[in-house]
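Reading through the C-alpha cells given below for one structure.
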Amino acid sequence: MRYVSTRGTAPVLGFEDVLLAGLARDGGLYVPQEWPRFSADEIRAMRGLPYSEIAVRVMLPFLGGAIAEDEFRAIVRDAYASFDHNAVTPLVQLDQKTFVLELFHGPTLAFKDVALQLLGRLFDHVLAKRGERVTIVGATSGDTGSAAIEACRDRENVDIFILHPKGRTSEVQRRQMTSVLSGNVHNIALDGTFDDCQDIVKAMFNDGPFRDRIGLSAVNSINWARIMAQIVYYFTAAVALGAPDRKVAFTVPTGNFGNVYAAYGARAMGLPVEKLVVGSNANDILARFFQSGTMSMVPVMPTSSPSMDIQISSNFERLLFDLLGRDGAKVVEAMNRFRAEGRFTVSDGQLAEALTVFAGHRVDEAGTMATIEQTWRECVYLVDPHTAVGVASAAAALPSLSPDVAMVVLATAHPAKFPDAVEKATGHRPELPPRLSDLYVREERLTDLPNDLAVVQDYVTSRARAAASAAQETA
Ligand SMILES: *Cc1c(COP(=O)(O)O)cnc(C)c1O
C-alpha cells in the first residue's frame with residue numbers, strides 16, 4: 001500500500017513513513033493511492049466477530065506488510081483493552097430507525113481515544129524497530145490534551161510535553177492531564193493564554209536545530225493512521241445492523257472532518273452506506289458548503305460543542321482531492337485561493353458528486369439544548385452537546401432517506417464531559433464513570449513555566465530522552 005499527498009509533489013510513502021510524517025512535505029495530507037475493497041461476502045463474514053478482529057481485518061490492507069499480522073493483532077488488542085466496554089464501541093437504540101454509536105468508552109471519554117490509543121502504540125512499535133525516539137509537543141485549551149497524553153503514557157520511545165494555559169482549563173480537564181504520573185508525560189502550565197501556548201509550540205516546530213535535536217513530532221488530527229483507525233467502527237456498526245444486506249446511514253458531529261472522512265473511506269472500501277450526514281453547530285462552514293458548493297470562512301463562534309468550533313476543516317482537503325479528480329495542482333490552487341480570499345467554489349458537477357454521498361445540516365444552540373432535553377425525556381438517554389448536534393441532524397435527514405435504512409449517530413463525547421450543558425437542558429447532572437470517579441482526589445504533577453520560549457525549550461531539552469541519546473551520539 002502506497003500513500004500519495006493531496007498536493008501531488010511530496011514523495012509517495014509506505015505506511016511506516018506516513019505514520020511518522022503526519023503532514024506531507026508539500027503541505028498536503030496523505031491518502032491511500034487506492035482504497036482496498038471488501039466483497040459483500042467478506043463484510044458478511046465480519047458479523048459477530050469481536051471489535052479487535054474486525055479492526056485487524058479492516059486495517060491490515062493499509063499496512064502493506066509493514067507490520068506482521070500477529071504482531072498487529074497484539075497491538076490492536078492491547079489498544080482496545082483500555083476501553084471500559086466489552087464491545088469497545090457499543091450501539092444503543094433511540095427509536096425504530098435511529099441508533100447511537102458510543103465512541104466514548106476510552107480513557108478520556110471522547111472519540112479521539114479510539115484512534116489515539118492505537119496511534120501511540122503504533123508509534124512506539126515503529127520507533128522501536130528503527131531504534132529511534134521522538135518527542136511529542138502540543139498545546140491544548142483543555143479538550144484534546146488528555147487524549148494525546150493517554151495515548152503516549154508509558155510508551156518506551158515517546159516523550160510527551162503538553163502546554164496548557166495556567167488556570168484557564170476546567171478542573172476536570174486539567175486533572176485528566178496532570179494526574180497521569182508516568183515518567184514520560186510532562187504537563188506544562190504556561191503563564192499565558194491558549195494562543196500563547198500555540199505560539200510557543202509553533203516556534204519550537206520552526207526552530208530547525210531544536211526540532212532535530214529532540215526529534216520533534218505531533219499526533220495531530222491530519223495523521224493518516226488516525227483516519228485508518230476510525231474506519232473500523234463504521235464496519236462494526238454496519239454489520240451489527242445487517243450490512244451488507246441492509247443499508248445504513250451515518251450522522252457525524254463534525255469539526256475537522258476527520259471522523260466523517262473515515263466514513264467516506266469505509267464506503268469506498270465496499271460498505272453499503274446510503275448517506276453521510278455532516279452535523280455542524282453554529283459554525284456551519286461545512287453545512288453551507290454542501291448547500292452551495294462554496295467554502296467560505298467566517299469568524300468562529302464559541303458554542304456548547306467546542307470540539308466543533310472550527311473555521312477550517314483540515315481533513316476536508318482529502319475529500320477535495322477526490323472531487324478535483326485527484327489532481328494535486330488543482331488542490332493547491334483551491335487552497336491558495338482559500339488562504340488569500342477566504343473562499344473557493346467547486347463546480348455544479350463536483351457539488352452534485354459530493355451530494356451523492358454527503359448531506360450537511362446545521363444545528364444552533366437552542367436546537368442543541370432542545371435535543372438534549374428531548375432525548376432524555378423520550379429515551380431516558382443523556383447525550384452531550386456534540387452528540388446532540390448529531391441526533392438533531394439525523395432527524396432532519398431521515399425523511400429524505402429510504403424507509404428501511406438504519407441511521408447511526410456517532411456519540412463523540414460522554415455526557416459527563418459536558419455536565420453543565422447537560423444539567424441545564426435536563427435538570428440531571430451526568431456522573432463520571434467509575435474509571436474517573438476518584439479524579440478529584442488523585443495526585444497531580446505539573447510544572448509552572450513563564451510565557452518564554454527559551455525557558456520552555458530548555459525544560460523540554462533537559463527532559464526529552466531523544467535529546468539525551470542525540471547528545472551521546474555526538475560525544
Ligand atoms: C474532535 C471532536 C469532534 C470533531 O471530530 P472531527 O474528526 O474533527 O470532525 C466532535 N466531537 C468531539 C467530542 C470531538 O472531540
Side-chain angles (χ1 to χ4, degrees), residues 29 89 100-117 119 138 140-151 169-170 172-173 176-177 219-234 250-266 276-287 289-290 300 303-319 358 360-363 368 371-372 382-394 409-419 421-422 430:
L29 282 66
T89 60
V100 167
L101 181 62
E102 294 185 343
L103 302 177
F104 52 66
H105 293 282
T108 75
L109 312 184
F111 99 96
K112 299 209 170 47
D113 289 331
V114 181
L116 283 170
Q117 284 297 308
L119 194 72
T140 185
S141 58
D143 240 17
T144 55
S146 57
I149 286 172
E150 287 289 350
T169 66
S170 77
V172 172
Q173 287 174 332
Q176 279 195 293
M177 298 190 283
V219 286
N220 44 28
S221 74
I222 49 86
N223 193 296
W224 163 256
R226 285 179 66 167
I227 304 285
M228 173 185 84
Q230 290 168 7
I231 293 173
V232 173
Y233 47 71
Y234 291 100
F250 292 97
T251 302
V252 187
T254 297
N256 267 323
F257 209 77
N259 202 1
V260 74
Y261 179 77
Y264 170 84
L276 297 175
V277 181
V278 176
S280 300
N281 65 21
N283 298 289
D284 62 350
I285 181 167
L286 289 166
F289 172 80
F290 288 116
V300 180
T303 70
S304 59
S305 42
S307 299
M308 296 157 65
D309 291 347
I310 44 98
Q311 196 174 21
I312 307 171
S313 298
S314 46
N315 277 292
F316 185 83
E317 182 168 331
R318 290 188 154 114
L319 174 65
F358 294 95
H361 280 279
R362 167 192 203 269
V363 182
T368 303
T371 304
I372 298 174
L382 289 176
V383 291
D384 95 289
H386 302 80
T387 307
V389 168
V391 171
S393 300
V409 179
L410 278 66
T412 52
H414 192 289
K417 255 201 128 148
F418 299 91
V422 173

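Just so it is clear, the values below take in all heavy atoms, side chains as well, and ignore hydrogens, waters and symmetry mates. Every number for a ligand or one of its atoms is a count from 1 in the order of the listing.
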Hey, which atoms in ligand 1 end up nearer than 4.0 Å to a heavy atom of [X]?
X: Gly258; value: 6 (P), 7 (O), 9 (O)
X: Lys112; value: 1 (C), 2 (C), 3 (C), 14 (C), 15 (O)
X: Asn259; value: 7 (O)

Hey, does [X] come in under 3.5 Å of ligand 1, counting only N/O atoms on both sides?
X: Asn256; value: yes
X: Thr254; value: no
X: Phe257; value: yes
X: Gly255; value: yes
X: Ala413; value: no

- Task: Determine whether the side chains of Asn315 and Arg318 contain a donor N or O and an acceptor N or O closer than 3.5 Å.
- Result: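 Side chains of Asn315 and Arg318: pair found under 3.5 Å.
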- Query: With Tyr234, which of Tyr264, Tyr261, Phe250 fulfils ring pair (Phe, Tyr, Trp, His ring centres under 6.0 Å)?
  - Reply: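 Of the listed options, the one satisfying the test is Phe250.
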- Non-hydrogen side-chain atoms of Lys417 and Asp384 separated by less than 4.5 Å: no
- Side chain proximity check, Pro253 to Ser305, heavy atoms < 4.5 angstrom: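 Pro253 vs Ser305: side chains apart.
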- Heavy atom of Ser221 under 4.0 Å from ligand 1? no
- Task: Could you tell me how the ring of Phe358 sits relative to the ring of Phe290: parallel (under 30°), tilted (30 to 60°) or perpendicular (over 60°)?
- Result: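 Judged by the thresholds at 30° and 60°, the geometry between Phe358 and Phe290 is parallel.
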Indicate yes or no for a side-chain donor-acceptor contact from [X] to the backbone of [Y] under 3.5 Å, with no hydrogens or angles considered.
X: Thr387; Y: Thr412; answer: yes
X: Asp284; Y: Arg362; answer: no
X: Thr140; Y: Gly145; answer: yes

- What protein heavy atom is closest to atom 11 (N) of ligand 1, reported as residue, atom name and distance in Å?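 For atom 11 (N) of ligand 1, the nearest protein heavy atom is Thr412 OG1, 2.8 Å.
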- Structural part of Lys417 in contact with ligand 1, heavy atom criterion under 4.0 angstrom: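 The answer is neither; Lys417 stays 4.0 Å or more away.
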